[in-house]
Novice: 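Pasting a structure below so you can have a look.
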Amino acid sequence: MSKWENALVKEIKSRGWVEIEGVFYRPDSKEALSYKPPKKNKSKIIRTGWTDDTRNIRNKEKYADPFVQLVKQELGLDVWPEFYFAVERQYRIDYAIPTHKIAIEVDGGIWMKGNSGHSSGTGIKRDMEKGNLLQSMGWRLIRVQPNELLTDSTLKLIL
């Protein structure tokens with residue numbers, strides 16, 4: 001369609017005309033009044049807290065950082081970043097190896113003062129609850145500082 005045709009269609013639609021299979025009908029016509037537009041097929045978000053969880057699949061496709069690549073290369077394990085592990089809570093693990101139920105949390109900002117993020121009383125309490133829930137679900141939790149993430153010692157902990 002040309003620019004002019006696009007502008008005309010936009011104008012007609014803005015005045016309430018209804019398009020049915022490429023034909024435009026006045027808003028008060030019997031066709032327009034009886035027309036029910038097809039429902040849009042919204043993709044349903046699946047929340048399972050596992051590898052079939054839509055959010056986890058999306059995060060795995062979105063993030064391919066050096067740690068994910070390092071573990072895949074050195075240990076042959078599939079790492080899932082930002083992994084939702086529980087349905088009832090919005091808890092995420094920084095990195096998960098679901099096949100072995102290993103969770104890796106990167107604890108940044110532990111030396112910061114103030115009431116922000118994970119170092120506040122609320123943040124520490126939330127991290128404790130998350131860790132306890134992980135362990136009650138059979139996960140092993142590894143906690144590292146950001147500068148320790150890409151090291152042999154972290155790979156040994158995973159092994």
Side-chain angles (χ1 to χ4, degrees), residues 1-3 5-7 9-10 13-14 18-22 35-159:
M1 267 196 218
S2 70
K3 229 180 192 182
E5 290 168 320
N6 284 334
V9 168
K10 187 176 180 181
K13 286 182 176 181
S14 75
V18 178
E19 182 181 11
I20 304 171
E21 296 179 10
Y35 178 66
K36 302 240 188 288
K39 291 184 177 180
K40 293 181 180 176
N41 188 9
K42 292 183 180 179
S43 61
K44 189 174 181 180
I45 295 177
I46 299 168
R47 296 172 196 254
T48 61
W50 198 244
T51 56
D52 60 346
D53 190 308
T54 308
R55 302 163 300 173
N56 291 334
I57 293 168
R58 184 177 52 232
N59 287 343
K60 187 160 181 16
E61 291 170 352
K62 186 176 174 183
Y63 302 108
D65 61 42
F67 181 70
V68 172
Q69 295 170 359
L70 175 70
V71 174
K72 182 70 170 176
Q73 180 180 332
E74 296 296 319
L75 305 178
L77 296 173
D78 213 13
V79 177
W80 293 65
E82 296 295 320
F83 190 84
Y84 289 90
F85 68 93
V87 178
E88 5 7 276
R89 302 291 301 261
Q90 291 295 311
Y91 286 145
R92 286 179 297 184
I93 307 166
D94 292 331
Y95 296 99
I97 304 171
T99 54
H100 294 79
K101 281 201 162 184
I102 297 172
I104 298 115
E105 282 287 288
V106 183
D107 291 328
I110 58 175
W111 303 111
M112 296 176 117
K113 292 184 180 181
N115 291 330
S116 62
H118 297 274
S119 62
S120 68
T122 304
I124 292 168
K125 182 177 182 280
R126 185 181 60 243
D127 286 349
M128 289 169 60
E129 289 170 357
K130 181 167 76 168
N132 289 338
L133 179 59
L134 267 169
Q135 291 176 7
S136 73
M137 295 171 71
W139 287 79
R140 290 185 216 120
L141 177 60
I142 298 170
R143 297 179 76 165
V144 297
Q145 295 180 53
N147 63 340
E148 298 171 330
L149 188 61
L150 297 172
T151 64
D152 285 338
S153 62
T154 300
L155 293 176
K156 286 177 184 172
L157 285 171
I158 293 169
L159 282 174

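Positions are given from 1, in the same order as the sequence printed here.
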Novice: Are F67 and Y95 near enough that their ring centres are under 6.0 Å apart?
Specialist: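 Judged by ring-centre distance (under 6.0 Å), F67 and Y95 do meet the cut-off.
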
Novice: Find out whether L149 and D94 are in side-chain contact, i.e. whether some heavy atom of one side chain is under 4.5 Å from a heavy atom of the other.
Specialist: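 They are not in side-chain contact.
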
Novice: Which pair of heavy atoms, one from L141 and one from L134, lies closest together, and at what distance?
Specialist: CD1-CD1, 3.9 Å

Novice: Shortest non-hydrogen contact from V87 to G49?
Specialist: CG2-N, 3.9 Å

Novice: Less than 4.5 Å apart, side chain to side chain, heavy atoms only: is that true for R89 and K130?
Specialist: no

Novice: To check you understand the geometry: which heavy-atom pair defines the closest contact between P81 and Y63, and what is its length?
Specialist: CG-CB, 3.6 Å

Novice: Does I45 offer a backbone N or O that forms a donor-acceptor pair with the side chain of T54 under 3.5 Å?
Specialist: no

Novice: May I ask you to test the I93-I104 pair for a side-chain heavy-atom distance under 4.5 Å?
Specialist: no

Novice: Hey, could you give me the OG1/CD distance between T154 and E74, rounded to the nearest 0.5 Å?
Specialist: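 Rounded to the nearest 0.5 Å, the OG1-CD separation comes to 12.5 Å.
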
Novice: Run the salt-bridge test on D53 and R58 with the 4.0 Å N-O cut-off and return the result as yes or no.
Specialist: no

Novice: Under 3.5 Å, is there a donor-acceptor pair between the side chain of E5 and the main chain of S2?
Specialist: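 A pair under 3.5 Å: yes.
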
Novice: Are V144 and E105 close enough that some pair of their side-chain heavy atoms sits under 4.5 Å apart?
Specialist: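 No, too far: nothing below the 4.5 Å cut-off.
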
Novice: Suppose we screen for ring pair (Phe, Tyr, Trp, His ring centres under 6.0 Å). Which residues come up paired with Y91, at least two apart in sequence or across chains?
Specialist: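 Applying ring pair (Phe, Tyr, Trp, His ring centres under 6.0 Å) to Y91 gives none.
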
Novice: Quick check: do H100 and L77 have side-chain heavy atoms less than 4.5 Å from each other?
Specialist: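 Yes. Closest side-chain heavy atoms under 4.5 Å.
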
Novice: Looking at K60 and E82, is any side-chain nitrogen of the basic one under 4.0 Å from a carboxylate oxygen of the acidic one?
Specialist: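 No, no charged N to carboxylate O under 4.0 Å.
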
Novice: Please evaluate residues R92 and F83 with respect to the criterion side chain to side chain contact (heavy atoms under 4.5 Å, CB included), reporting the C-alpha separation (whole Å), side-chain torsions for both, the decisive distance (0.1 Å), and the verdict.
Specialist: CA-CA 5 Å; R92 286 179 297 184; F83 190 84; over 6 Å; no

Novice: What distance separates N132 CG from M128 CE, expressed to the nearest 0.5 Å?
Specialist: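 Separation between the atoms: 6.5 Å.
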
Novice: I need the N56 CG to I46 CD1 distance, nearest 0.5 Å.
Specialist: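 Here the interatomic distance stands at 11.5 Å.
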
Novice: Test: salt bridge (charged side-chain N to carboxylate O under 4.0 Å, His left out). Region: residues 131-147. Which pairs qualify, not counting sequence neighbours?
Specialist: D107-R143

Novice: Can you check whether F85 reaches M137 side chain to side chain, under 4.5 Å on heavy atoms?
Specialist: yes

Novice: Does some side-chain heavy atom of L155 sit less than 4.5 Å from a side-chain heavy atom of L70?
Specialist: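 Answer yes - side chains close enough.
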
Novice: Does Q73 have any side-chain hydrogen bond (donor to acceptor under 3.5 Å, both in side chains) partners at least two apart in sequence or in another chain, and if so, which?
Specialist: none

Novice: Is there side-chain contact between T51 and W80, with heavy atoms separated by less than 4.5 Å?
Specialist: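 T51 reaches W80 side chain to side chain.
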
Novice: After noting the C-alpha distance and the side-chain angles of W139 and L133, does the key distance pass the side chain to side chain contact (heavy atoms under 4.5 Å, CB included) rule?
Specialist: CA-CA 9 Å; W139 287 79; L133 179 59; over 6 Å; no

Novice: I'd like to know if the side chain of K13 reaches the main chain of V18, judged simply by a donor and an acceptor atom lying under 3.5 Å from each other, with no hydrogens or angles considered.
Specialist: no

